[in-house]
Structure formats: structure tokens, C-alpha cells
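Structure, as C-alpha cells:
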Amino acid sequence: MQRAASDLFGKANLRGDRVELVIDPLIDGASGAQSAATRAMQKTLTEMVQAAYPRFVVQPFSAEVLARDPVVLVGTLTAITNQGGDGPRDAYRICLTLADLKSRTVVSKGVARSTLDNVDVTPTQYYRDSPVWAKDQATDAYVKTCQGTPLGGTIDPAYVDRLTANALINDAIVEYESQRFREALAFYRTARRLPGGDQHRVRIGTYLANAKLGRRDDSVEAFGDMVDYGLSTDQLMVKLLFRPGTTQFIDNPQTTEPYPMWLSQIATRVRQKGACLEIVGHTSRTGMPHLNERLSVMRAQFIMDLLTTGMPDGRSRMIATGRGFKENLVGTGKDDASDALDRRVEFKVVGC
């Protein structure tokens, strides 16, 4: 982290004795989630700037500061296979980028690698509570700005256009994780009305806040909104947690209590669209490949059976398949909250 940060700030091509800097919260490069590790990295970066690079003045990530076109720091932490190929993820790649909003260009980059040891990638509460995952244009633009834009290159406009909304969404996540759910919901609603604010993170946050406030009808409608979005983009991935090596849900009523509502909403929205569905099971890397592939198919079949209780006429429009661990998003094989996305069930609209 220190090596990447030293390159980033030491080689920054910026004029002036005082540079306003805001940090757009660092994320996991594969899932888009914030984690204990990315939060710790952000804290370390702030402390390093204050101690060693006084020309950079760290300011809050807010609409007011963004209006002054500061320099924005973005960063990703991504699990990789150190030697390349499709083997187990055995290292992390750290990417840090400074994006100058005045010139709309990337003015510095810092890259380094680390081992997996002592890196806590457990998602923060909002991302841990999130029931679904879907590719989000805002997250894609963030990752592209950090990883895909070369030094001197133009910042992705899709990232810049969403920055003000992103600041409000970040405020909403902070409020949610502080258990101020009404305040979080207000931020999500405001963000969604802004240009670039119609993001999947807002849909997720709206569902979570309503659920925490006990507003059942609103939370059901918000979950249905997430399902509609996922089906329209052909990428609805739901975190349904199973007991290891089985097709039965984990023994945690607090976690599994909303599962019937989730599946009911998926069945309802699929039926309303008259869609055909491929249900795809996934597993983490732990265990033998052929056993994981079989288990992933069996889990998908189990979910298909549950869905047909809500739409018995829909069995002929569904198929169950499995990928084992071939399409892991995280790929560390830790089998805990940090790689829960690898044990997801995916719902894909397919041709009938």
C-alpha cells in the first residue's frame, strides 16, 4: 500500500502549492463492494497524505467540494492469480489513480501487489446485507477510471457524470451502516432523482432501508424493482446461502427469513414478462471440481422447484444448470462472508 501511494503522490503531475483532494471510497475491483480492507486502505491513505504530502488537502467527498473540481482519488483491490491463468487467486493487485476534474485527465497512478495474508476483505455491512448483485454502470465506470485509463488519458465521462450522485449514495451507505435507516432512505431517494443517480446501489439501499424500518409493502416493491432491473440486463444474481456441501439453506432464520419473498417476487416478475429462465448455480473453489459442478446443478434444481410452487405452469419455461467455481467473482475460496458472491444463484432470461 505504501509503495503504491508513494508512486501516486510522488509522481503526480499537478501544478500549485495546494491541491484539494477527495477520496471516492475504494472498492473491490471484481464485486464493486467496500470491505474492511478497502476502508483500512482509505484511512491509511488519508494519514499518509497528511503526514508526508502536505500540498494535498483531503476534503470531504461531497457535492459542495466536487463543484470546485478537485482531484479525485479512486482505488481498487482485486484478487488475482499471481502467475496468470485460471488458478486459485493467490494475490491482490492494488490500483490507485488520481483524476483531475479540472483537466478531466488522469494525472497519476500507483500500482502494487500484496499477498492474501492478513487482508480482511469481508464486505462492510451494506454490501454484506445486499441480497443481489448485478453489473452496475457506475461501478464499471469507477473501475475503468482506476484500472483502464492510462496516465494522461481522459477520465471516463460516465464516471464524472455520476460523481454528485455517488457522493449522496456514499452518505446513504454511511447512514445505513450507522443504523440511521430513515436518513439513509432520504439520501437514496434524493440521489435517484439526480442525473446519474438511477443506480443499482440505490435500488439495493432502498430495499435494505425499508426492510430495516419494517415497511414490508415498500420493501417488497423495492425488491421487485431490483428483480426487474436484473432481468432487463440479463444479470440477476441472488445471494442464497446454502449449508456447505448441501442443497439446504443455512440454519440462520434471520438470514433466510426473506428468501420466500425474494423467490415469490422473482416468480411473479418472470411470469409477468412471459420470460423463459435459466437458473444457474455457483459454488466457491473449495472441493473437487466435478463435485462442485454437480452440487451447483443440484442447488439450481432446488431453487427451480421452489419457484414452480409460485408458478406451477412455468416449469416448461425454466432450466437448471451449474457452473461450479468456473465463474467465481472473488475466487479466494475462503467460504465466508468475503466470497459469498461466489456461492450465488443466477437468473438469466433466455430464448424460449
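Atom NZ of Lys326 is surrounded by 12 or fewer heavy atoms from other residues, nucleotides or ligands within 6.0 Å. Summarising the local packing, CZ of Arg216 is surrounded by 12 or fewer heavy atoms from other residues, nucleotides or ligands at distances under 6.0 Å. With a 6.0 Å radius and a threshold of 12 heavy atoms from other residues, nucleotides or ligands, Asn118 has its CG atom at or below the threshold. The 12-atom threshold is not exceeded at CZ of Arg294, counting heavy atoms of other residues, nucleotides or ligands nearer than 6.0 Å.
Using a cut-off of 4.0 Å between Lys/Arg side-chain N and Asp/Glu carboxylate O, Arg55 and Asp17 are scored as not salt-bridged. A salt bridge between Arg323 and Glu293 is absent, with no side-chain N of the basic residue lying under 4.0 Å from a carboxylate O of the acidic one. Between Arg299 and Asp305 there is no salt bridge, since no side-chain N of the basic residue sits under 4.0 Å from a carboxylate O of the acidic one. Salt bridge status for Asp251 with Arg243: present, with a side-chain N to carboxylate O gap under 4.0 Å. A salt bridge between Asp228 and Arg269 is present, with a side-chain N of the basic residue lying under 4.0 Å from a carboxylate O of the acidic one. Using a cut-off of 4.0 Å between Lys/Arg side-chain N and Asp/Glu carboxylate O, Arg203 and Glu221 are scored as not salt-bridged.
Shown here are the side-chain hydrogen bond (donor to acceptor under 3.5 Å, both in side chains) partners of Glu183, two or more places apart in sequence or in another chain: there are none.
Closest approach of Thr255 and Pro258 over heavy atoms only: O-CD, 3.3 Å. Considering every non-hydrogen atom in both Gln199 and Ala165, the closest pair reads NE2-CB, 4.4 Å. Contact between Ala99 and Thr145 at its shortest, heavy atoms only, is CB-CG2, 4.5 Å. The nearest pair of heavy atoms linking Arg113 to Arg3 is O-NH1, 4.3 Å. Heavy-atom minimum distance, Ile266 versus Val238: CD1-CG2, 4.1 Å. Across all their heavy atoms, Gly110 and Leu8 have their closest contact at N-CD1, 3.8 Å.
Not a single donor-acceptor pair under 3.5 Å links the side chain of Lys348 to the backbone N or O of Asp234. With Thr246 contributing its side chain and Gln248 its backbone, the two residues share a donor-acceptor pair below 3.5 Å. Counting only distance, with no hydrogens or angles, the side chain of Ser31 and the backbone of Ala33 share a donor-acceptor pair below 3.5 Å. Panel note: side chain Arg128, backbone Pro123; a donor-acceptor pair is recorded below 3.5 Å. Between the side chain of Thr38 and the backbone N or O of Gln34, no donor-acceptor pair lies under 3.5 Å. Here the side chain of Thr149 pairs a donor or acceptor atom with the backbone of Lys144 at under 3.5 angstrom. Judged by distance alone, the side chain of Arg162 and the main-chain N or O of Ala158 form a donor-acceptor pair under 3.5 Å. Judged by distance alone, with hydrogens and angles left aside, the side-chain atoms of Ser130 form a donor-acceptor pair with the main-chain N or O of Val132 at under 3.5 Å. Listed for the Asn292 side chain is no donor-acceptor partner under 3.5 Å among the backbone atoms of Thr283.
Residues Lys109 and Asp7 have side chains not in contact (no heavy-atom distance under 4.5 Å, counting atoms from C-beta outward). Put simply, the side chain of Ser114 does not reach to within 4.5 Å of the side chain of Arg93, judged on heavy atoms. Counting heavy atoms from C-beta outward, Leu14 and Asp100 have side chains that approach closer than 4.5 Å. No side-chain heavy atom of Val345 sits less than 4.5 Å from a side-chain heavy atom of Met237. For the pair Pro70/Leu101, a side-chain contact is recorded, criterion being any heavy-atom separation below 4.5 Å from C-beta on. Side chains of Leu96 and Met1 form a contact here, defined as non-hydrogen atoms less than 4.5 Å apart. Under the 4.5 Å side-chain criterion, counting only non-hydrogen atoms from C-beta, Leu26 is in contact with Leu45. Put simply, the side chain of Ile173 reaches to within 4.5 Å of the side chain of Tyr127, judged on heavy atoms.
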Determine, stepwise, if the pair Asp129 / Tyr176 fulfils side-chain hydrogen bond (donor to acceptor under 3.5 Å, both in side chains). CA-CA 11 Å; Asp129 291 350; Tyr176 176 83; 2.6 Å; yes

If you apply the rule side-chain hydrogen bond (donor to acceptor under 3.5 Å, both in side chains), what do you find for Thr44 with Gln2, and how did you get there? CA-CA 9 Å; Thr44 299; Gln2 290 177 337; over 6 Å; no

For salt bridge (charged side-chain N to carboxylate O under 4.0 Å, His left out), just list the numbers for Arg192 and Asp225, CA-CA rounded to whole Å, side-chain angles, deciding distance to a tenth of an Å, and then say yes or no. CA-CA 13 Å; Arg192 190 159 185 173; Asp225 187 28; 3.0 Å; yes

Which is it for Gln42 and Arg39 under the side-chain hydrogen bond (donor to acceptor under 3.5 Å, both in side chains) test, yes or no, and what are the steps along the way? CA-CA 5 Å; Gln42 184 167 330; Arg39 290 271 175 92; 5.9 Å; no

Intermediate values then yes/no, side-chain hydrogen bond (donor to acceptor under 3.5 Å, both in side chains), Asn210 and Ser219: CA-CA 5 Å; Asn210 277 309; Ser219 64; over 6 Å; no

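For the atom pair Leu208 CG and Leu213 CG, the distance stands at 11.0 Å (nearest 0.5 Å). Tyr142 OH to Gln147 CD: the interatomic distance, rounded to the nearest 0.5 Å, is 10.0 Å. Annotation: the span from Gln137 atom CD to Thr233 atom OG1 amounts to 9.5 Å, rounded to 0.5 Å. Considering OG1 of Thr256 and CG of Leu241, their distance stands at 9.5 Å, rounded to 0.5 Å. Distance check, rounded to the nearest 0.5 Å: CG of Leu73 to OG1 of Thr97 gives 8.0 Å. Residue Leu295 holds its CG atom at 9.0 Å from OG of Ser284, rounded to the nearest 0.5 Å.
For Phe302 and Phe249, the ring centers sit closer than 6.0 Å to each other.
Between Tyr229 and His200, the two ring planes are parallel [angle under 30°; tilted spans 30° to 60°].
Residues Ser108 and Lys11 bring no donor and acceptor atom of their side chains to less than 3.5 Å of each other. Side-chain contact of Asp24 with Tyr159: a donor-acceptor pair under 3.5 Å is present, judged by distance alone. One side chain, Glu20 or Gln59, offers a donor N or O that lies under 3.5 Å from an acceptor on the other. For Arg201 and Asn166, the side-chain atoms include at least one donor-acceptor pair closer than 3.5 Å.
The hydrophobic cluster containing Met41 also contains Val71, counting ILVMFWY residues as joined when their side-chain heavy atoms lie under 4.5 angstrom apart, directly or transitively. Hydrophobic clustering of Ile, Leu, Val, Met, Phe, Trp and Tyr side chains at less than 4.5 Å, counting indirect connections, keeps Val297 apart from Phe242. Two different hydrophobic clusters hold Ile169 and Val174 under the rule that ILVMFWY side chains link at heavy-atom gaps under 4.5 Å. Cluster annotation: Leu306 and Ile250 are assigned to the same hydrophobic cluster (Ile/Leu/Val/Met/Phe/Trp/Tyr, side-chain heavy-atom contacts under 4.5 Å, transitive). Val74 and Val57 are not part of a single hydrophobic cluster, where members link through side-chain heavy atoms under 4.5 Å apart.
Residue pairs meeting the ring-ring contact (aromatic ring centres under 6.0 Å, His included) criterion with at least one member in residues 25-62, sequence neighbours excluded: Phe9-Tyr53, Phe9-Phe56.
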